[in-house]
Amino acid sequence: DEDEDEDEDDTGDGETCCDCERNSCNNGGGNGNCDKSGASSESVCRDFDCNAFCSDANYTKSHVAVLFEYVNTNDEGANIVASVNAEPTLTAHEFTDLDEWVEALGRFETALLPEFTGNAHSALSSKDAKDVKTFVERGGVLVSATDDFGKNHDFMNTVFGWNTRQYYWNGFQPAQQPGADGTCFSAANGGPATLDDPSSTIWTDGRSDRFPEGAEILYSDGGRQIAAWRISVQQGWVYMLAYD
């Protein structure tokens, strides 16, 4: 009987009302949900939409878990952390160890992958990959940059079982697409009509056998060159910022 009680206590099924100091809504509303961190079994609040990483005055400051292993911390990594911290409602937490980053995900509603310079996907254990996927499925938001050699795409493929690939092409300025409507990238929410002056020509390949089914295109050339996209994974979201 004692064992049964212990198992029931560890289910984390959200029966307890959310009352979180971390990442709770100022007005007590929003898209919050109760869940339990696999690492600490504490109740945590997460919101399930792009407000998790876009500024919104209705929310307290959101904490973003940034992986700082396998990235150029002096350039791309530092730039993306500075961008996060420049937002008044966001603060970045840097993790220099992949395993520690994965273990900490249950205490965050947003995780961020800068441009990889190393093969992070090769270092992922099967448990780590499952834990990252579970983080998103339970309502987390995972945001990833991309790189010249497909290392970020490889990481996402390892976690989610996709077949995404980078696509090399020249000479286009990514334009906002209908998939941005209703998101924090929409024109109504101040999203730019085009992504100006990208310094690279590495995109996500929009070919049907390489682009995840159900993904929404935010910016592209209107065809195969996808510069930014998102996809819902159960209760959470993955955002790929596939341009430099």
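Atoms considered below: every heavy atom in the structure, side chains included; atoms not considered: hydrogens, waters and symmetry mates. The model shown is predicted, which means the values in this text are computed figures rather than measured ones.
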Could you measure the distance from the [atom1] atom of [X] to the [atom2] atom of [Y]? Nearest 0.5 Å is fine.
{"X": "Ile217", "Y": "Met240", "atom1": "CD1", "atom2": "CE", "answer": "13.5 Å"}
{"X": "Phe160", "Y": "Glu137", "atom1": "CZ", "atom2": "CD", "answer": "8.0 Å"}
{"X": "Leu105", "Y": "Arg138", "atom1": "CG", "atom2": "CZ", "answer": "11.5 Å"}
{"X": "Lys151", "Y": "Ser122", "atom1": "NZ", "atom2": "OG", "answer": "8.0 Å"}
{"X": "Leu98", "Y": "Asp128", "atom1": "CG", "atom2": "CG", "answer": "5.5 Å"}
{"X": "Tyr70", "Y": "Thr96", "atom1": "OH", "atom2": "OG1", "answer": "11.5 Å"}

Under the salt bridge (charged side-chain N to carboxylate O under 4.0 Å, His left out) test, residues paired with Asp154 that sit two or more places apart
none

List in chain and number order the residues that pass salt bridge (charged side-chain N to carboxylate O under 4.0 Å, His left out) with Glu94, two or more places apart in sequence or in another chain; answer none if no residue qualifies.
none

Go through Tyr167 and Arg210 one step at a time and tell me if the side-chain contact (heavy atoms from CB on, under 4.5 Å) criterion holds.
CA-CA 10 Å; Tyr167 187 61; Arg210 294 181 175 178; 5.7 Å; no

Identify which one of Thr110, Asn79, Leu90 satisfies the side chain to side chain contact (heavy atoms under 4.5 Å, CB included) criterion when paired with Val84.
Leu90

Would a 4.5 Å heavy-atom cut-off, applied to side chains only, mark [X] and [Y] as touching?
{"X": "Asp131", "Y": "Glu103", "value": "no"}
{"X": "Arg224", "Y": "Arg207", "value": "yes"}
{"X": "Val238", "Y": "Ser144", "value": "no"}
{"X": "Val132", "Y": "Val102", "value": "yes"}

Any idea which heavy atoms bring [X] and [Y] closest together, and the distance?
{"X": "Glu115", "Y": "Ala145", "result": "N-CB, 3.7 Å"}
{"X": "Ala65", "Y": "Phe95", "result": "CB-CE1, 3.8 Å"}
{"X": "Ile231", "Y": "Pro212", "result": "CD1-CB, 3.7 Å"}
{"X": "Gln173", "Y": "Leu195", "result": "CG-O, 3.5 Å"}
{"X": "Ala242", "Y": "Ile226", "result": "CB-O, 3.6 Å"}
{"X": "Ala92", "Y": "Val81", "result": "CB-CG1, 4.0 Å"}

Once the angle between the rings of Tyr219 and Phe185 is folded into 0 to 90°, is it parallel (under 30°), tilted (30 to 60°) or perpendicular (over 60°)?
perpendicular

With sequence neighbours left out, the residues meeting side-chain hydrogen bond (donor to acceptor under 3.5 Å, both in side chains) with Lys133 are none

Does [X] have any ring-ring contact (aromatic ring centres under 6.0 Å, His included) partners at least two apart in sequence or in another chain, and if so, which?
{"X": "Phe116", "value": "Phe155"}
{"X": "His121", "value": "none"}
{"X": "Phe68", "value": "none"}

Under 3.5 Å, is there a donor on one side chain and an acceptor on the other for Thr146 and Asn152?
no

Let me see the working for Thr91 and Asn85 under side-chain contact (heavy atoms from CB on, under 4.5 Å), right down to the final yes or no.
CA-CA 5 Å; Thr91 184; Asn85 288 330; 4.0 Å; yes

For a ring pair (Phe, Tyr, Trp, His ring centres under 6.0 Å) with Trp229, tell me which candidate from Trp237, Phe211, Trp203 qualifies.
Phe211

Please test Asp147 against Thr117 for side-chain contact (heavy atoms from CB on, under 4.5 Å), starting from the C-alpha separation and ending with a verdict.
CA-CA 8 Å; Asp147 67 287; Thr117 56; over 6 Å; no

Are Val136 and Gln234 close enough, and set up right, to give a side-chain contact (heavy atoms from CB on, under 4.5 Å), and what steps lead you there?
CA-CA 8 Å; Val136 178; Gln234 292 192 20; over 6 Å; no

